[in-house]
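A, B, ... follow the sequence lines: proteins, then strands. Residue 1 opens every chain.
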Amino acid sequence: MVFPTTLIKAVKGTRDLLPPFTENWNAVEREARAVFRAYNYGEIRTPILEETQLFARGVGADTDIVNKEMYTFDDRDGSSLTLRPENTASVIRAYIEHRLDQRPGVQKLYYIGPMFRRERPQAGRYRQFYQIGAEAIGSESPAVDAEVIEMVIEILGRAGLTGFELLINSVGDHNCRPQYVEKLRTALEPVAASLCGDCQRRAVTNPLRVLDCKVEADQPIIDKLPNILDHLCDACRTHFDAVKRHLDDRGLEYTVRPRMVRGLDYYMRTTFEVVHGGLGAQNSVLGGGRYDGLAESLGSKVHSPGIGFSIGEDRLVMSVAARESSALDLCIAPLGEPALRHAALLARDLRRGGASVEIAEGKLKRILELANKLGARFTLIVGDNEINAGRYALKEMATGRQEEVTRDEIAPKLGAARN
RNA sequence: GUGGGUGUAGCUCAGCUGGUAGAGCGCUGGAUUGUGGUUCCAGUGGCCGAGGGUUCGAAUCCCUCCACCCACCCCA
């Protein structure tokens, strides 16, 4: 193909999802919605565009996401807008804006949709990526933490994911975490010089990140650093113990990872993550945690503690077995113009009945070839003979068997053979 | 932002040390009338990522870009 001008392609880090692959996406979303419904979660759809300030205040102005990974641009009136890099801040914004705190009970909301981060793409990580997430807002109860975690594990299972691991941790709250970070900073000072270059930088900018380091040589040093779970305040300690107890009650298996750190500033107390092999370096399928101070930092006068998670849908879809694409029920082969018009009405009625039907034009041989390639289960031959007799030739593609049927017999035949 | 890898047909790739392109799959048509899958035959298809350089001659060697992939940073 030669084009007079440069070929336009999908922008870097974005991609087209094509059939039949989109079936896998729909299947995952279908299962997720069913689980959300069972746990009494309602869907929320927030705008993809938000004021930049929302993320700066919510996610944290010092985070990499806000500093260098957002799609931010000026609107015509000069205001700064951003394509959402995550959805929790938006959901809380909507919660505050619409006074959902006045509604009865814990507000349980879920969302499915695209997020945007301007990162360098790599396996399992795109600039436009999709998240399935949920937030439970209005309770500090550790039982809610456990239920949220149970729910997300349920979703993964129903989506068909196996061989994953649940990791949990507590990152403390505004009382104990700052103290811990200071202790960490102090402990790092004498040893920082012997750590890798990245860690030397992290020791100053974001000491918690040192705990995440994957460099083998650094591990012995990191192992000796103070452990956050030893520095939780009583309230956080009690909360975390209760979460674990509730998880145990449910028989959920998990690993406590004191070194698991979250990238977003708003997390406090419970954090969790699910990892899965076979995703390359991006082994995290979902992440979540509690964010009891987020609403206030977004200007809420009402204390609105919450916990939520988001599943990386791209990664989940990538990790679950591909579904069989739904087969075409019937291909109609009209022979000649009058037959085509006749077939159109026949197809419409069968489609109304729920069958998937394709009409193909051309020579019969061609149509049968096509029906075969399309995976049609049946082909219906409609020629002048058939129309006059009121009986059509219905051919079962797998067996090659062909029989005469009346108009009314077609739909039942399609339905009967569907299993 | 940094590092590494790869760019040849719609797809997967071959093309050694320079002589202006191949295979498989796919797609189209045919093996006579209204019967597919298997088979056989034929055809379609590429400015060899782009630009420059060396050379009588470049897909092949050199340089510069660009794109994609993977990894780092960071993160779901």
Side-chain angles (χ1 to χ4, degrees), chain A residues 1-3 6-15 59-60 62-70 85-88 114-127 129-133 152 196-199 201-202 205-206 208-209 212-215 260-264 267 271-276 279-289 308-319 331 333-336 339 360 362-386 392-402:
Chain A
M1 284 189 287
V2 176
F3 292 82
T6 314
L7 190 60
I8 295 174
K9 302 191 299 179
V11 310
K12 184 197 285 288
T14 71
R15 55 187 183 150
V59 174
D62 292 333
T63 59
D64 269 35
I65 291 179
V66 170
N67 283 332
K68 55 178 202 183
E69 293 172 4
M70 293 206 303
E86 57 100 42
N87 208 22
T88 300
M115 310 294 157
F116 304 83
R117 287 185 202 170
R118 202 180 182 292
E119 307 169 291
R120 187 66 80 78
Q122 72 191 64
R125 128 184 273 204
Y126 306 93
R127 289 186 171 185
F129 58 102
Y130 294 81
Q131 289 190 330
I132 299 175
V152 78
C196 70
D198 285 330
C199 282
R201 182 174 47 74
R202 292 177 184 128
T205 59
N206 192 351
L208 288 171
R209 278 284 151 210
D212 237 8
C213 180
K214 290 163 204 144
V215 177
M260 182 175 74
V261 184
R262 305 270 69 191
L264 285 60
Y267 282 118
T271 58
F272 56 97
E273 183 169 331
V274 169
V275 293
H276 185 268
L279 281 171
Q282 311 301 319
N283 65 344
S284 179
V285 177
L286 92 250
F309 63 82
S310 64
I311 299 170
E313 188 177 1
D314 306 75
R315 296 180 190 175
L316 179 56
V317 170
M318 194 187 310
S319 303
C331 186
L335 306 174
K363 303 202 302 193
L364 181 58
K365 178 180 156 64
R366 277 277 302 126
I367 297 173
L368 282 163
E369 263 172 35
L370 183 65
N372 201 49
K373 285 170 189 166
L374 295 179
R377 295 188 298 113
F378 289 93
T379 298
L380 189 74
I381 300 167
V382 180
D384 294 338
N385 301 342
E386 283 78 6
Y392 309 91
L394 183 68
K395 185 185 183 84
E396 187 174 16
M397 299 305 286
T399 61
R401 275 186 40 230
Q402 189 167 314

Handout entry: Note: A:R262-A:E273 ion pair, threshold 4.0 Å (strictly below)
Key = yes
Partners meeting salt bridge (charged side-chain N to carboxylate O under 4.0 Å, His left out) with [X] (sequence neighbours left out):
| X | result |
| --- | --- |
| A:R366 | A:E369 |
| A:E386 | none |
| A:E119 | A:R125 |
| A:R120 | none |

Practice task
List in chain and number order the residues that pass ring-ring contact (aromatic ring centres under 6.0 Å, His included) with A:Y126, two or more places apart in sequence or in another chain; answer none if no residue qualifies.
Solution key: none
Completion exercise
Those residues at least two apart in sequence (or on a different chain) that pass side-chain contact (heavy atoms from CB on, under 4.5 Å) with A:V261 are A:L208, A:R209, A:L211
Problem - Those residues that, when tested against A:K12, pass side-chain contact (heavy atoms from CB on, under 4.5 Å) (two or more places apart) - result: A:P121, A:R127
Problem - Contact letters for nucleotides 25-30 of chain B, in which S counts primed atoms plus P, OP1 and OP2 and B counts the base, heavy atoms under 4.0 Å - result: --SSSS
I'd like a table of atom pairs between the protein and nucleotides 64-67 of chain B - only N or O on both sides, under 3.5 Å - with the distance next to each one.
from: B:A67; atom 1: O2'; to: A:K9; atom 2: NZ; distance (Å): 3.0

Problem - Intra- and interstrand pairs of RNA chain B - dot-bracket, Watson-Crick/G-U under 3.5 Å, | marks other strand - result: (((((((..((((........)))).(((((.......))))).....(((((.......))))))))))))....
Exercise for the section: Output yes when at least one side-chain N/O atom of A:Q282 is less than 4.0 Å from OP1 or OP2 of B:A76, else no. Expected result: no
Of the listed nucleotides ([options]), which one gets closest to any side-chain atom of [X]?
| X | options | value |
| --- | --- | --- |
| A:Q402 | B:U35, B:C69, B:A76 | B:U35 |
| A:A123 | B:A76, B:A71, B:C73 | B:A71 |
| A:S310 | B:G34, B:A76, B:C73 | B:A76 |

Practice task
Determine the contact category for A:F129: base if any of its heavy atoms lies under 4.0 Å from a base atom, sugar-phosphate if only primed atoms, P, OP1 or OP2 are that close, otherwise nothing.
Solution key: base
Practice task
Scan A:I381 against the nucleic acid and name what it touches under 4.0 Å (heavy atoms): base, sugar-phosphate only, or nothing.
Solution key: base
Exercise for the section: Could you tell me whether the side chain of A:C213 reaches within less than 4.5 Å of the side chain of A:R202, counting heavy atoms only? Expected result: yes
Practice task
Pick the C1' atom in B:C68 and in B:C11, then give their distance to the nearest Å.
Solution key: 16 Å
Pairs: protein N or O with nucleotides 1-5 of chain B N or O, under 3.5 Å:
from: B:U2; atom 1: O4; to: A:R120; atom 2: NH1; distance (Å): 3.0

Problem - Listed partners of A:Y267 passing side chain to side chain donor-acceptor pair (under 3.5 Å), at least two apart - result: none
Handout entry: From A:L374, A:L368, A:N372, residue fulfilling side chain to side chain contact (heavy atoms under 4.5 Å, CB included) relative to A:L370
Key = A:L374
